[in-house]
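So you know, we letter chains A, B, ... as the sequences are listed, proteins then strands, and number each from 1. Keep in mind it's a predicted model, so treat the numbers as computed, not measured.
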Protein chains: 2
Amino acid sequence: MAYTVGQVARAAGVTVRTLHHYDEIGLLSPSGRSSAGYRRYDDADLDRLQLIRYYRELGFPLDEIAAILDDPTADPSAHLRRQHELLTGRIGKLQEMVAAIEMAMEARRMNIKLTPQERFEVFGDFDPDTYEDEARERWGESDAYRESSRRTAGYSKEDWLRNKAENEDWGRRFVEVMASGAPADSPAAMALAEEHRQLITRWFYDCSYEVHTGLADMYVADERFTAYFEQIRPGMAAYVAEAIHANAISRA
Amino acid sequence: MAYTVGQVARAAGVTVRTLHHYDEIGLLSPSGRSSAGYRRYDDADLDRLQLIRYYRELGFPLDEIAAILDDPTADPSAHLRRQHELLTGRIGKLQEMVAAIEMAMEARRMNIKLTPQERFEVFGDFDPDTYEDEARERWGESDAYRESSRRTAGYSKEDWLRNKAENEDWGRRFVEVMASGAPADSPAAMALAEEHRQLITRWFYDCSYEVHTGLADMYVADERFTAYFEQIRPGMAAYVAEAIHANAISRA
DNA sequence: GCTCCCGCCTTCCGTTACGGGAGGGTCAAG
DNA sequence: CTTGACCCTCCCGTAACGGAAGGCGGGAGC
């Protein structure tokens, strides 16, 4: 089971140049050479290359990878366990970033302004006291901002007005259902939750049931989104959120 | 709302040098300068920096990011939508990698050998016909490999034998339950599934219910894992898998 | 046996995205 | 009016390769 550079490169999805480089720096030296000086890789080399590729994907510099792999106290299974942990951690971080993006999209849709630190905190290591005084003026400048956001959204004026009308119509009908005393998991409320989801999808971004329930949680967790609904009618934020959840469950 | 380089750097979690660099290449030039030549960033610059950070996290080179951001046909919401898509795609890829790692861990635990392409295909773009002849000799060399894998696992000989004994004992008791005619979702079968999970956790790696059901699916989907169980008793793979699923659901 | 082409070799220079100073001005606080 | 924390502009260094040049090796076909 001996392979040439080209074979290894194609199989592992790297370039020959990369393998040369790894050989140069001693990260992955082929187990032997042919009489003509050709590099010959064996299965153990492939094992090592697999580990290298995973650590690289996780952002480790090559010299650290070399240190990790050549650490005699770590057996192969330890590497797999470690990579499993690192990968799941990384997925968690990306999911936080997705949540942050969803929040940003919804904030934009509702003309709610986010603070600088909210937009960057998902990247970690930020300085919380840099913008302390900025927090107070979060609640202002509504009309000018609304108008500017209309333009940047890329819609024509009529489009924007139609969207606004649809949204307000939805709000009215939702308040009616609420006022009727129907529970949040009633068919009427759920139907309006579904309509809300499709309204978002039609006008702004693809809102899956999963994304939708994420928004619902945000409506009750974040004061600004809560305030948006509460000013329409007290208790609306929680009611909307529950209806969205009920709708999502029923469609699953 | 004007910020200095240092403030922006701390808030966004980048270095001052990075901002200098972005200014140099024209990716992010501050909207103004003070009389003394100090860079002055405003909120729009922070918006742009946020987008830059996300695209960077997704692996885009800086010149491409500049091209994307300066594309006049794309409004801010389009960027958010795009980043949402890219992020979820990336999460999906990482989840595949996690599954591959779990497969590798379980293969190691069961002394099953994987082919080179299986270990690399998660990275994409590999050449499937490179190792065609290698597939035939997948089923061999059991004892020597077993012995070597014992050593590399970092256990003492006694540990290894105890683990082996536990595993075989579990297998025997599982076959008993199967033979008794009890369904796979019976309490007895589920209890043994749980024991299986804890056995893995105790000896090899942290096996959550989620990971465990993943393994269960693999036992029936992959011929080598299926064969491992079928050689103990026909129908065992599916039965084990069902018991694991039932156990996981009941614990949720 | 010869040719041809593909794959391999080494060497070397280029690139990206910054890191990290050196040398020197700036600004608010004490 | 000094001091320390910031800011500026060069400028050189580094990591992880990319890519091409210039030259062997090897097996398939004539």
Side-chain angles (χ1 to χ4, degrees), chain A residues 2-42 45 48-49 51-69 123 125 127 129-131 133, chain B residues 2-42 45 48-49 51-69 123 125 127 129-131 133:
Chain A
Y3 316 97
T4 68
V5 259
Q7 289 176 307
V8 174
R10 273 189 307 258
V14 298
T15 66
V16 170
R17 182 66 184 83
T18 299
L19 293 176
H20 284 172
H21 183 61
Y22 290 172
D23 190 4
E24 267 176 42
I25 64 172
L27 175 59
L28 178 66
S29 300
S31 52
R33 294 276 185 137
S34 79
S35 58
Y38 284 26
R39 291 175 179 79
R40 323 237 66 186
Y41 295 86
D42 64 10
D45 296 328
R48 192 176 168 91
L49 180 54
L51 292 177
I52 293 171
R53 287 227 62 189
Y54 272 92
Y55 280 121
R56 275 258 66 195
E57 181 73 33
L58 288 161
F60 284 82
L62 297 187
D63 54 354
E64 266 188 59
I65 296 177
I68 292 170
L69 291 182
F123 293 109
D125 66 309
D127 190 354
D129 58 67
T130 309
Y131 300 102
D133 52 354
Chain B
Y3 316 97
T4 67
V5 258
Q7 288 176 307
V8 174
R10 272 191 307 266
V14 299
T15 66
V16 171
R17 182 66 183 82
T18 300
L19 294 176
H20 284 173
H21 183 60
Y22 290 173
D23 189 4
E24 266 176 44
I25 64 171
L27 175 58
L28 178 66
S29 300
S31 52
R33 295 278 185 136
S34 79
S35 57
Y38 284 25
R39 291 175 179 80
R40 322 237 67 186
Y41 295 86
D42 65 10
D45 295 329
R48 191 175 168 93
L49 180 54
L51 292 176
I52 293 172
R53 286 229 62 188
Y54 272 92
Y55 279 121
R56 276 256 65 196
E57 181 74 33
L58 288 160
F60 284 82
L62 297 186
D63 54 352
E64 267 188 57
I65 296 178
I68 293 170
L69 291 182
F123 292 108
D125 66 311
D127 190 355
D129 57 68
T130 309
Y131 299 102
D133 53 353

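A:Asp23 meets the salt bridge (charged side-chain N to carboxylate O under 4.0 Å, His left out) test with A:Arg33, A:Arg39; sequence neighbours excluded. A:Leu69 meets the side chain to side chain contact (heavy atoms under 4.5 Å, CB included) test with A:Arg48, A:Leu51, A:Ile52, A:Tyr55, A:Ile65, A:His79; sequence neighbours excluded. Every residue was checked against the ring-ring contact (aromatic ring centres under 6.0 Å, His included) condition with A:Tyr41, not counting sequence neighbours, and none meets it. Residues passing the side-chain hydrogen bond (donor to acceptor under 3.5 Å, both in side chains) test with B:Thr15 are B:Thr18, sequence neighbours excluded.
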Subject >> Base-contact (B) and sugar-phosphate-only (S) positions in nucleotides 7-22 of chain D, heavy-atom cut-off under 4.0 Å, - elsewhere >> reply: SSB-B----BBBB---
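Between A:Val8 and A:Leu49 the shortest side-chain heavy-atom distance falls below 4.5 Å.
Note that the first and last nucleotides of DNA chain C, 5' to 3', having any atom under 4.0 angstrom from a heavy atom of chain B are C:dA17 to C:dC27.
The CZ atom of A:Phe123 sits 11.0 Å away from the CZ atom of B:Arg56 when rounded to the nearest 0.5 Å. One finds the CZ atom of B:Arg40 at 11.5 Å from the CG atom of B:Asp45 (value rounded to the nearest 0.5 Å).
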